[in-house]
Every structure is written in C-alpha cells, then in structure tokens.
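To start, the structure under review is shown below, and the notes come after it.
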Amino acid sequence: MTGIAGRLGRILRFLWGGWAGLAALALLAALWQAGHEAYGEIVLPAPLTTLLAAGTILKSEENWVVFGQTMGRALTGFALSAAIGGAAGLIAGYSPAVLRLARPMLTVILGVPPIAWLVLALIWFGASDGMVIFTILVGVVPLVFAGTAEGVANRDRGLDAMAQAFGAGPVRRFLSVGLRQMLAHLFPALMLGLASAIKVAVMIEVLSSVGGIGNELAKARQYLDVTQALAWIGLSVAGLIVVEYGLVHPVRAELERWREAARPWGVKR
C-alpha cells in the first residue's frame, strides 16, 4: 500500500510540475503572436491559425499515417541507438583502454556532415526506412555512448567498494550503485538523442522524399504555404513532447526514486 501511495504521489508531483511547461509554452505563443503582428500573416501566421491548421490535418486518416511514418522511424532509430550506444558505453566505461580507443572514432563520426551520411545511406539502403534509421543511428549512438561511458567512468568508486565490503556481488553492485549513478548522465543524453532522432528523421524525409512529415514539409515549401509548414512542425514537436513526458520522464522518475531522500518535504533543490 505504501508503494502505491508513493508512486501516486510521484505521479501527482510530475503532473503538478507541468504548469511550468505550460507557462513556457504560453510565453512562446506570446512571442510568436508578437512576431505575427510585426511581420504579418505571409511571413509568420498567428499561433491560433497554425493550431487550427494542425487540427484540420489531424482530421484526415491519411495524415495520421504520415505522422506515424515519421514517429515510427524516429522511435525505431532511437531505440536501436539507446541499445547500441548504451551497451557500448557500458563496456567503454568499465574499460579505460576501450574508452581511449573509442574517443577518436566518435570524433571522426561526429565530424562527418549529416548530409554526407545521407548520401551514403541512399547508396547503401536506397530510399527506404533503413536509410532514415541508419542516419539516426549515426547521429544518436555517439550521444548515448558518451553519456553512458562518462556516467560509468565518473562513478563514485568508494560506494562500490563499500557495497563490496558488505558482500554485494558484481551484478548487485552494478544494479544498486553503478547503474543509478550512470543514469544521471544517461537520461539527459537520451532526451537529447530522442529530440535529435525526430529532427533527423524529418530532415531526411525532406531531402529524400520517402514520405512522412518531411515530405509534407517539402510540399508546403513548393506552395510557399507557411501555415501548413508550421502546422506540421508543431505536430512533430507535439509527438516529441508526448514521448518524452509520457515515457522517458516517468521511467526516469521510477529509476531515480533515491533522489527523493535529498528533497525533504517535497522541496526540490
């Protein structure tokens, strides 16, 4: 019963914290409205106009398929990136030699322009989902790898030694001590990687015409329809918000319950 009450309390605190996010969105809308009034409908449509256009888009089942294409590619690429980058980062974090070898490789991968990876992906995979997912992997795996490796490498070894002194085996020490410290570095990398995955997916769709939100943005560009373009951009951002705050943040809250000990009386520091 206590566990259920604690989980319910965390959910309510999480929902209450959403007021800050809504305030930020309201501020963004106010700045957007000011820009609309300064530059006019052709350059920057009003937020309400864009919102109505997004609502019209969502009334069509075909547009839901388009939205699902992009989100499916982005989330598949993100999940693979999290698995590959996380596993490789764990190995590198516990092996300084592997970490030293991996750093130059990350520099090379990140130094290649994204458009160059797109060209290679088109040659290797053709205009397909595989091309989009590969490009996401190249961009997101290094982020997850770096976050995981740094989290493991910078862990408090004193806590690990203390757990060993109390008889904890390697697996239990990792799950109880190492993993929890690593997550403090990993979750920011995952959230950045999720946003990057959606941005890369839309960008590749614009450049390669493989359907999805990017294809609709390309059509809006051809017709110089700023309202439609902003509506589709807003929908992609809405998808990111739903996944991040509906999945990533709740999982993070469950895995970082130990932080509550440093927040007496519910006051966040």
> Mind checking who shares a hydrophobic cluster with L143, ILVMFWY linked at side-chain heavy-atom distances under 4.5 Å?
Replying inline: L192

> Between atom CD1 of I213 and atom CH2 of W232, what is the distance when rounded to the nearest 0.5 Å?
Replying inline: 6.0 Å

>> Just verifying a value: how many Å separate E216 CD and S236 OG, rounded to the nearest 0.5 Å?
In response: 12.5 Å

>> Could you see if L31 belongs to whatever hydrophobic cluster contains V237? Use Ile, Leu, Val, Met, Phe, Trp, Tyr and a side-chain cutoff under 4.5 Å.
In response: no

> What residues form a side-chain hydrogen bond (donor to acceptor under 3.5 Å, both in side chains) with Q33, not counting sequence neighbours?
Replying inline: E37

>> To check you understand the geometry: which heavy-atom pair defines the closest contact between G85 and T148, and what is its length?
In response: O-OG1, 4.2 Å

>> With side-chain hydrogen bond (donor to acceptor under 3.5 Å, both in side chains) as the rule and sequence neighbours excluded, what pairs involving residues 136-145 come up?
In response: none

> Which pair of non-hydrogen atoms, one from T50 and one from W32, has the smallest distance, and what is that distance?
Replying inline: OG1-CZ2, 3.4 Å

> According to a 4.5 Å side-chain heavy-atom criterion applied to Ile, Leu, Val, Met, Phe, Trp and Tyr, with indirect links allowed, do V132 and I115 form part of one hydrophobic cluster?
Replying inline: yes

> Does I198 reach the side chain of M71, with side-chain heavy atoms less than 4.5 Å apart?
Replying inline: yes

> Residues sharing V141's hydrophobic cluster, by side-chain heavy-atom contacts under 4.5 Å among ILVMFWY, directly or via others?
Replying inline: L80, I84, I133, L137

> Is L58 reachable from I233 through a run of I, L, V, M, F, W or Y residues, each pair having side-chain heavy atoms under 4.5 Å apart?
Replying inline: yes

> Mind checking what makes side-chain hydrogen bond (donor to acceptor under 3.5 Å, both in side chains) contact with D129, not counting sequence neighbours?
Replying inline: R73

>> Considering only residues two or more places apart or on different chains, which pairs with a residue in residues 102-134 satisfy ring pair (Phe, Tyr, Trp, His ring centres under 6.0 Å)?
In response: W124-F134, F125-F134

>> With a 3.5 Å distance limit and no angle check, can you tell me whether N63 reaches the backbone of I57 through a side-chain donor-acceptor pair?
In response: yes

>> Pair T49, E41 - check side chain to side chain contact (heavy atoms under 4.5 Å, CB included), show working.
In response: CA-CA 9 Å; T49 303; E41 188 76 22; 3.7 Å; yes

>> Holding to ring pair (Phe, Tyr, Trp, His ring centres under 6.0 Å), I want the full list of residues that pass it with F67, two or more places apart in sequence or in another chain.
In response: none

>> Does anything in residues 181-190 form a salt bridge (charged side-chain N to carboxylate O under 4.0 Å, His left out)? List the pairs, not counting sequence neighbours.
In response: none

> What pairs with V140 under side chain to side chain contact (heavy atoms under 4.5 Å, CB included), at least two apart in sequence or on another chain?
Replying inline: S81, I136, V144, S196, A197

> Taking C-beta and beyond as the side chain, do L194 and V243 meet within less than 4.5 Å on heavy atoms?
Replying inline: yes

> Out of curiosity, does I204 fall in the hydrophobic cluster containing L75 (side-chain heavy atoms, cut-off under 4.5 Å, transitive links)?
Replying inline: yes

> Tell me the salt bridge (charged side-chain N to carboxylate O under 4.0 Å, His left out) pairs involving residues 52-68, sequence neighbours left out?
Replying inline: none

> Any sub-3.5 Å donor-acceptor pair from T70's side-chain atoms to G212's backbone N or O?
Replying inline: no

>> Using side-chain heavy atoms (C-beta onward) and a distance below 4.5 Å, is N215 in contact with V210?
In response: no

>> Donor-acceptor check, side chain of T135 to backbone of M131, threshold 3.5 angstrom: yes or no?
In response: yes

>> Checking R103 now: which residues fulfil salt bridge (Lys or Arg N to Asp or Glu O under 4.0 Å) with it, not counting sequence neighbours?
In response: E150

> Rounded to the nearest 0.5 Å, how far apart are CD of Q222 and CG of L217?
Replying inline: 11.5 Å

>> If I compare all heavy atoms of A189 with all of G147, which pair ends up nearest, and what's the gap?
In response: CB-CA, 4.2 Å

>> Side-chain heavy atoms under 4.5 Å apart, restricted to Ile/Leu/Val/Met/Phe/Trp/Tyr: what other residues fall into the cluster of L48, or is it alone?
In response: L52

> Shortest non-hydrogen contact from V206 to G214?
Replying inline: CG2-O, 3.3 Å

> Are any of the side-chain heavy atoms of L44 and L230 separated by less than 4.5 Å?
Replying inline: yes

> What are the two closest heavy atoms between A29 and P47, and how far apart are they?
Replying inline: O-CG, 3.8 Å

> Should V138 and V112 be regarded as members of a common hydrophobic cluster, given that ILVMFWY residues are connected when their side-chain heavy atoms come within less than 4.5 Å of each other, either directly or indirectly?
Replying inline: yes

> At their closest point, which heavy atom of F145 faces which heavy atom of A102, and how far apart are they?
Replying inline: CZ-CB, 3.5 Å

>> With a 6.0 Å cut-off (strictly less than), is the heavy-atom count around CG of L27, excluding the residue itself, greater than 12?
In response: yes

>> In the structure I gave you, are the side-chain heavy atoms of V43 and H36 within less than 4.5 Å of one another anywhere?
In response: no

